[in-house]
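Report on the structure given below.
No hydrogens, no waters, no symmetry mates; every other heavy atom, side chains included, goes into these values. Quantities reported herein were computed from a predicted structural model and do not represent experimental measurements. A, B, ... follow the sequence lines: proteins, then strands. Residue 1 opens every chain.
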Amino acid sequence: MVIPRSFYEGEDILEISKRLLGKKLCTLIDGQYTSGIIVETEAYKAPEDKASHAYGNKVTPRTKTMFSKPGTGYIYIIYGMYHLFNVITGPEGVAHCILVRAVEPLEGQEAMARRRSMSKVRKEMTNGPGKFSIAMGIHKGLNGTDLTQREQIWIEEGWPLTDPKEILVGPRVGMSTAEECSNWPFRFRIKGNRWTSKPDTVYYE
DNA sequence: CACCGGATTGGCT
DNA sequence: GCCAATCCGGTGT
């Protein structure tokens, strides 16, 4: 079942970030179907979050996607070569967005390994936001995709709702210029899952 | 395993 | 012109 827009409409981005864990991210790109379970997310809370591209409700050609309907995919390029996949949430016009940082590969694993130039599946295939985007064929041309339509990228119900006790919370990754926002506990992952992007150790329970 | 530098380009000042 | 919500390969322990 594709997840309906109502799932993405809530005010509480931290709650939605947690509920996104265990959901199934699917792509049908270049004729290849792939899917994976979302095992790690990071929240960017508009407009007060200095780490958000839309800090202070700044609208630019890039950030305008962040102000579109909840349930829209926001994909942008970082370091000139990596495509990072985010989900827009919150009431329409509020630029909340959730970065997906890692997925556990499910269907189409051979295609994913091929796109990553790997001879076999291992955790390095999808354990980072740039990595799984390559594996699943996600690129910036799909920025603005409606994730509630089964077209090229969509999200389905996957595993049953992750028990809050099975979620680890910690600071976000790569915060160099976000000042006091750098330490906000906005990163969520499924405890003990081996497909996430960093060791368990830095996390608060 | 930890640390470090280079890759590579669009977006913004 | 600067630099980023990253990744990878090389080096050293």
Side-chain angles (χ1 to χ4, degrees), chain A residues 8 13-14 16-18 20-21 25 36 38-68 72-90 94-105 112-145 147 153 168-189 194-203:
Chain A
Y8 304 101
I13 183 178
L14 303 183
I16 300 174
S17 300
K18 289 182 259 190
L20 208 48
L21 294 173
L25 176 64
I38 297 172
V39 297
E40 182 170 341
T41 59
E42 229 172 53
Y44 289 83
K45 189 176 195 296
E48 67 268 37
D49 184 353
K50 291 183 178 172
S52 171
H53 294 159
Y55 171 57
N57 283 327
K58 185 175 60 170
V59 182
T60 68
R62 178 171 67 160
T63 66
K64 70 174 192 294
T65 306
M66 299 176 74
F67 294 88
S68 51
T72 298
Y74 169 50
I75 301 162
Y76 73 95
I77 291 193
I78 187 73
Y79 294 103
M81 59 187 120
Y82 298 109
H83 302 253
L84 269 50
F85 173 75
N86 304 256
V87 180
I88 302 304
T89 68
V94 176
H96 287 338
C97 114
I98 302 172
L99 171 68
V100 176
R101 289 196 54 89
V103 306
E104 172 171 337
M112 292 195 232
R114 205 176 316 125
R115 286 185 177 130
R116 292 277 291 135
S117 305
M118 288 179 166
S119 53
K120 60 181 263 216
V121 174
R122 44 199 170 85
K123 70 174 193 295
E124 292 75 19
M125 185 173 82
T126 56
N127 70 348
K131 298 179 192 177
F132 85 81
S133 287
I134 295 171
M136 299 187 73
I138 294 170
H139 58 83
K140 74 174 172 102
L142 298 168
N143 182 39
T145 297
L147 304 173
I153 312 176
L168 293 182
V169 183
R172 293 175 292 186
V173 177
M175 299 290 103
S176 51
T177 58
E179 302 169 28
E180 72 276 12
C181 309
S182 304
N183 299 319
W184 287 358
F186 279 13
R187 183 172 173 224
F188 306 95
R189 56 209 299 252
R194 75 184 198 91
W195 300 93
T196 57
S197 77
K198 292 278 163 74
D200 280 351
T201 50
V202 297
Y203 280 77

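- Distances were taken from every side-chain heavy atom of A:Lys131 (C-beta onward) to each of B:dC12, C:dA5, C:dC8; the shortest belongs to C:dC8.
- Whole-Å rounding puts the A:Asn143 CG to B:dG10 C1' distance at 13 Å.
- Remark: ring of A:Tyr82 not stacked against base of C:dT6; the cut-offs of centroid gap under 5.5 Å and plane tilt under 30° are not jointly satisfied.
- Judged by the 6.0 Å and 45° rule, A:Arg172 forms a cation-pi pair with A:Tyr44.
- For A:Thr60, the side-chain atoms get nearest to B:dC12 when compared with the rest of B:dC12, C:dA5, C:dC7.
- Nucleotide C:dC7 holds its C1' atom 13 Å from the NE2 atom of A:His83, rounded to whole Å.
- Remark: A:His96 NE2 to A:Met66 CE distance equals 10.5 Å, nearest 0.5 Å.
- Proximity note for A:Met81 (side chain, C-beta onward) versus C:dC7, B:dT8, C:dA5: the nearest is B:dT8.
- With C:dA4, B:dC12, C:dC8 as the choices, the nucleotide that has an atom nearest any side-chain atom of A:Arg62 turns out to be B:dC12.
- In this structure, the side chains of A:Pro47 and A:Tyr55 stay at 4.5 Å or more apart for every pair of heavy atoms.
- Tested against A:Leu99 for a side-chain contact (heavy atoms from CB on, under 4.5 Å), the candidates A:Val173, A:Asn86, A:Thr41 yield a single pass: A:Asn86.
- Comparing atom distances between the A:Lys58 side chain and each of B:dT13, C:dC7, C:dA5 picks out B:dT13 as nearest.
- At the heavy-atom level, A:Arg172 lies nowhere under 4.0 Å from the strands shown.
- For A:Tyr76 against C:dA5, a side-chain N or O and a base N or O form a donor-acceptor pair under 3.5 Å.
- Heavy atoms of A:Ile77 sit nowhere under 4.0 angstrom from any nucleic acid atom.
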